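For this chain, numbers begin at 1 and follow the sequence in order. Bear in mind that the values here come from a model prediction, so they are computed numbers and not experimental data.
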Amino acid sequence: MLSTDDILHLENLSTEESLRFITEKFPEGAVFSTSLGQEDQVITDIIFRNKMNIKVFTLDTGRLFYEHYELLSQNNSRYKTKTEVYFPDANDVEKYVNEKGINAFFHSVENRKECCYIRKVKPLNRALEGAKIWITGLRSEQSENRENMKMIEWDEDRKLFKFNPLIHWTYNDVLKYIEENKVQDLPLHKKGFISVGCKPCTRAITEGENPRAGRWFWEESQKECGLHSK
């Protein structure tokens, strides 16, 4: 468990130091979920380069860009380790597609959220089974939903701590780390895809748009899939 003093201490540590502190507090049960975006590549680099005892996993929704798979392969080769991959339940996907259609998520917000639940939330919940602390690459400036998120908080639904070590980082901080440490990232980012999700649900953004404007771009609702919603 983490005490109030531990949480205050974390706020004063560098990102690398904070991750080391977490591994000391949770020698078993620390996990990191990566979507292979730039923020997650920063954390992946810190974890793997320092051989930290943290399980790293990603979710393969079945609708990702080809570039995701290339980067995953490059990560495994560079760090000489493997990121665990979790897939959606085939029966769930088959039922959804056969009943509603392969691209039913375009037809309603309810359909889209159900697709995200099947392809993302349920696999995530499986990946988090037995975990004591879940590390993410969330940053507060990414969206309104994330503005008030804390560096560390208790996830009552999943009964674990959620640790957001980059929550106070700016996008420029992320780019600086990537450049200085020669971290690989998705070529899509240079084409205007800042926040990258499933291929049919993501478009490039234009200058001045919110980084997540390209996610579920046909909707006006909150740009979240359910993984990090309050």
Side-chain angles (χ1 to χ4, degrees), residues 26 28-41 43-44 47-48 54-76 81-106 108-138 142-143 145-146 149 153-164 186 188 193 195-202 212 215-216 219 222-230:
F26 299 93
E28 300 293 336
V31 302
F32 167 56
S33 58
T34 174
S35 66
L36 300 168
Q38 289 170 305
E39 291 84 1
D40 291 342
Q41 283 295 100
I43 298 177
T44 294
I47 290 173
F48 283 155
I54 298 171
K55 169 185 167 181
V56 179
F57 70 88
T58 191
L59 307 177
D60 184 351
T61 65
R63 302 298 300 267
L64 299 178
F65 287 83
Y66 175 75
E67 286 86 346
H68 281 105
Y69 302 105
E70 280 289 291
L71 183 56
L72 180 60
S73 178
Q74 291 167 7
N75 279 350
N76 290 342
T81 187
K82 286 187 178 180
T83 298
E84 293 189 36
V85 182
Y86 286 80
F87 297 88
D89 182 270
N91 291 328
D92 288 343
V93 176
E94 288 174 2
K95 185 174 185 294
Y96 178 88
V97 170
N98 288 326
E99 290 183 358
K100 299 191 174 183
I102 189 68
N103 291 327
F105 40 81
F106 287 125
S108 72
V109 174
E110 291 73 24
N111 282 354
R112 194 272 292 171
K113 289 185 176 181
E114 182 180 356
C115 187
C116 288
Y117 181 75
I118 289 169
R119 295 180 183 273
K120 292 183 176 182
V121 178
K122 287 187 70 175
L124 173 72
N125 290 340
R126 284 195 293 111
L128 292 178
E129 288 178 1
K132 296 177 181 177
I133 187 164
W134 170 26
I135 302 163
T136 84
L138 299 181
Q142 287 173 324
S143 69
N145 184 56
R146 302 175 183 187
M149 287 185 176
E153 50 197 355
W154 177 252
D155 187 324
E156 180 62 28
D157 291 337
R158 297 184 174 98
K159 305 299 181 186
L160 47 64
F161 285 101
K162 187 175 180 181
F163 179 44
N164 311 307
L186 293 167
L188 293 165
F193 293 83
S195 177
V196 187
C198 292
K199 185 172 183 178
C201 300
T202 310
R212 289 181 68 80
R215 302 292 292 278
W216 311 293
E219 292 182 10
Q222 191 180 50
K223 303 290 187 175
E224 294 288 352
C225 62
L227 297 182
H228 302 294
S229 298
K230 290 288 188 180

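Closest approach of Arg212 to Ser195, counting heavy atoms only: NH1-OG, 3.4 Å. Considering all non-hydrogen atoms of both residues, Lys132 and Glu28 come closest at CD-O, 3.7 Å.
Heavy-atom contacts from other residues, nucleotides or ligands closer than 6.0 Å to NZ of Lys55 number more than 12.
Remark: Ile135 CD1 to Phe163 CZ distance equals 6.5 Å, nearest 0.5 Å. Rounding to the nearest 0.5 Å places SG of Cys198 at 7.5 Å from CZ of Arg215. Taken to the nearest 0.5 Å, the OH atom of Tyr86 stands 12.0 Å off from the CG atom of Asn125. One distance of note links OG of Ser35 with NZ of Lys120; it measures 8.0 Å at 0.5 Å rounding. Between the OG1 atom of Thr61 and the NZ atom of Lys199 there is a distance of 12.0 Å, given to the nearest 0.5 Å. Thr58 OG1 to Leu64 CG: the interatomic distance, rounded to the nearest 0.5 Å, is 7.0 Å.
With hydrogens and angles ignored, the 3.5 Å screen pairs no side-chain donor or acceptor of Asp40 with any backbone N or O of Thr136. Not a single donor-acceptor pair under 3.5 Å links the side chain of Asp155 to the backbone N or O of Lys162. Not a single donor-acceptor pair under 3.5 Å links the side chain of Ser73 to the backbone N or O of Tyr69. A distance-only check finds no donor-acceptor pair linking the side chain of Thr202 to the backbone of Val196 [under 3.5 Å].
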Test side chain to side chain contact (heavy atoms under 4.5 Å, CB included) applied to Ile43 and Thr34, step by step: CA-CA 9 Å; Ile43 298 177; Thr34 174; over 6 Å; no

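With contacts defined as side-chain heavy-atom distances shorter than 4.5 Å, the pair Phe57/Leu124 qualifies. Within the 4.5 Å cutoff, side-chain heavy atoms of Leu36 are placed close to those of Gln41. Taking the side chain as every heavy atom from C-beta outward, Phe105 and Pro200 approach each other to under 4.5 Å. The shortest side-chain heavy-atom distance between Arg63 and Ile102 falls under the 4.5 Å cut-off. Between Asn164 and Glu153 there is a side-chain heavy-atom pair separated by less than 4.5 Å. In this structure the side chain of His68 never reaches within 4.5 angstrom of the side chain of Asp60, judged on heavy atoms. When side chains are defined from C-beta on, Leu186 does not count as touching Phe65, because their heavy atoms never get closer than 4.5 Å. In this structure, the side chains of Leu72 and Thr83 come closer than 4.5 Å at one or more pairs of heavy atoms.
Under the rule for a side chain to side chain donor-acceptor pair (under 3.5 Å), the partners of Glu156 that lie at least two apart in sequence or sit in another chain are Trp154, Lys159. Contacts of Lys100 classified as side chain to side chain donor-acceptor pair (under 3.5 Å), with partners at least two apart in sequence or in another chain: Asn111, Glu114.
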Please output the side-chain donor-acceptor pairs of residues 87-94 that fall under 3.5 Å, not counting sequence neighbours, one pair per line with the distance.
{"residue": "Asp89", "atom": "OD1", "partner": "Asn91", "partner atom": "N", "Å": "2.9"}
{"residue": "Asp89", "atom": "OD1", "partner": "Asp92", "partner atom": "N", "Å": "3.1"}
{"residue": "Asp92", "atom": "OD2", "partner": "Lys122", "partner atom": "NZ", "Å": "2.8"}

